[in-house]
Amino acid sequence: VQLQTCGGGLVQAGGSLRLSCAASGRTFSTYYVMGWFRQAPGKEREFVAYIVRNGGSVYYADSVKDRFTISRDNAKNTVYLQMNSLNPEDTAVYYCAAATGIYYTSSAYSSKNNYNYWGQGTQVTVSS
């Protein structure tokens with residue numbers, strides 16, 4: 001199983017980036033939830049957003065709500081994170097992750113411990 005992440009880069013504050021995460025090695029639709037996390041230097045890896053298999057349910061961290069949009073294309077085995085209105089506090093390595101377990105509380109998927117597979121990460125740097 002591989003999660004290939006790309007799309008990071010350097011952008012000025014107020015700008016936008018779109019991250020992609022392509023999955024291989026397993027039928028994409030069997031990943032019940034796809035999530036994005038990020039880790040800034042010296043900080044814990046934190047939840048950003050997740051999307052359920054059918055795309056009907058999404059959940060965002062408060063810090064990115066109304067600025068970031070997560071989506072998935074099951075036909076392309078890919079999940080996306082559209083990031084708008086970026087600010088320097090968004091600077092981090094961004095990771096996509098896949099969860100195969102089913103939990104009955106929405107908050108369960110904001111925990112990195114409930115994800116089975118991880119991508120390699122992509123650096124996002126926002127300059128002021």
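This one's a predicted model, so the numbers in the text were calculated from it and none came from an experiment. The chain is numbered in sequence order, starting from 1.
The OH atom of Y94 lies 13.0 Å from the OG1 atom of T5; values are rounded to the nearest 0.5 Å. Note that CH2 of W118 is 5.0 Å distant from CZ of R45, once rounded to the nearest 0.5 Å. Taking CZ of R53 as the reference point, atom OG1 of T100 lies at 10.5 Å (rounded to 0.5 Å). Distance CD1/I51 to OG/S57: 9.0 Å, rounded to 0.5 Å. From T78, atom OG1 reaches atom CD of Q4 across 11.0 Å, with rounding to the nearest 0.5 Å.
One hydrophobic cluster holds both I102 and Y50 under the rule that ILVMFWY side chains link at heavy-atom gaps under 4.5 Å. Hydrophobic clustering of Ile, Leu, Val, Met, Phe, Trp and Tyr side chains at less than 4.5 Å, counting indirect connections, keeps V93 apart from I70. W36 and V124 fall within the same hydrophobic cluster, defined by Ile, Leu, Val, Met, Phe, Trp and Tyr side-chain heavy atoms under 4.5 Å apart, directly or through other members. Under a hydrophobic clustering in which Ile, Leu, Val, Met, Phe, Trp and Tyr are joined whenever their side-chain heavy atoms come within less than 4.5 Å, directly or via other members, Y104 and Y115 fall into the same cluster. Under the 4.5 Å side-chain heavy-atom criterion for ILVMFWY residues, a single connected hydrophobic cluster contains both L19 and Y117.
In this structure, R18 is positioned above the aromatic face of Y80, its NZ or CZ under 6.0 Å from the six-membered ring centre and within 45° of the axis.
Looking at R38 and S63, their side chains come closer than 4.5 Å, going by heavy atoms from C-beta outward. Looking at V64 and M83, their side chains never come closer than 4.5 Å, going by heavy atoms from C-beta outward. Between F68 and L81 there is a side-chain heavy-atom pair separated by less than 4.5 Å. At a threshold of 4.5 Å between non-hydrogen side-chain atoms, the residues Y60 and V48 do not count as touching.
Taking all atoms of both residues into account, the shortest heavy-atom contact from N116 to G101 is OD1-N, 4.0 Å. Residues S16 and S85 share a closest heavy-atom pair of OG-N, 4.3 Å. Of all non-hydrogen atoms in S128 and P88, the two that sit nearest each other are CB-CG, 3.8 Å. Contact detail for N114 and A108: the closest heavy-atom pair is ND2-O, 2.7 Å. Nearest approach of T91 to Q123, heavy atoms of both residues: CG2-NE2, 4.0 Å. The two residues L3 and Q120 have their closest heavy-atom pair at O-OE1, 3.3 Å.
Between C21 and C6 the SG-SG gap reaches or exceeds 2.5 angstrom.
Under the 6.0 Å cut-off for aromatic ring centres, Y109 and Y103 qualify, their centroids lying closer than that.
Taking V11 as the reference, L17, L86, V126 meet the side-chain contact (heavy atoms from CB on, under 4.5 Å) condition, with sequence neighbours excluded.
Using cut-offs of 30° and 60° on the angle between ring planes, the pair F47 and Y59 is tilted.
Looking at T122, its side chain does come within 3.5 Å of a backbone N or O of G8 through a donor-acceptor pair.
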Going through the checks in order, is the side-chain contact (heavy atoms from CB on, under 4.5 Å) test met by D90 and R67? CA-CA 11 Å; D90 296 315; R67 299 189 298 123; 2.8 Å; yes
Test side-chain contact (heavy atoms from CB on, under 4.5 Å) on F37 and E46 and set out the steps. CA-CA 5 Å; F37 288 76; E46 66 174 5; 5.8 Å; no
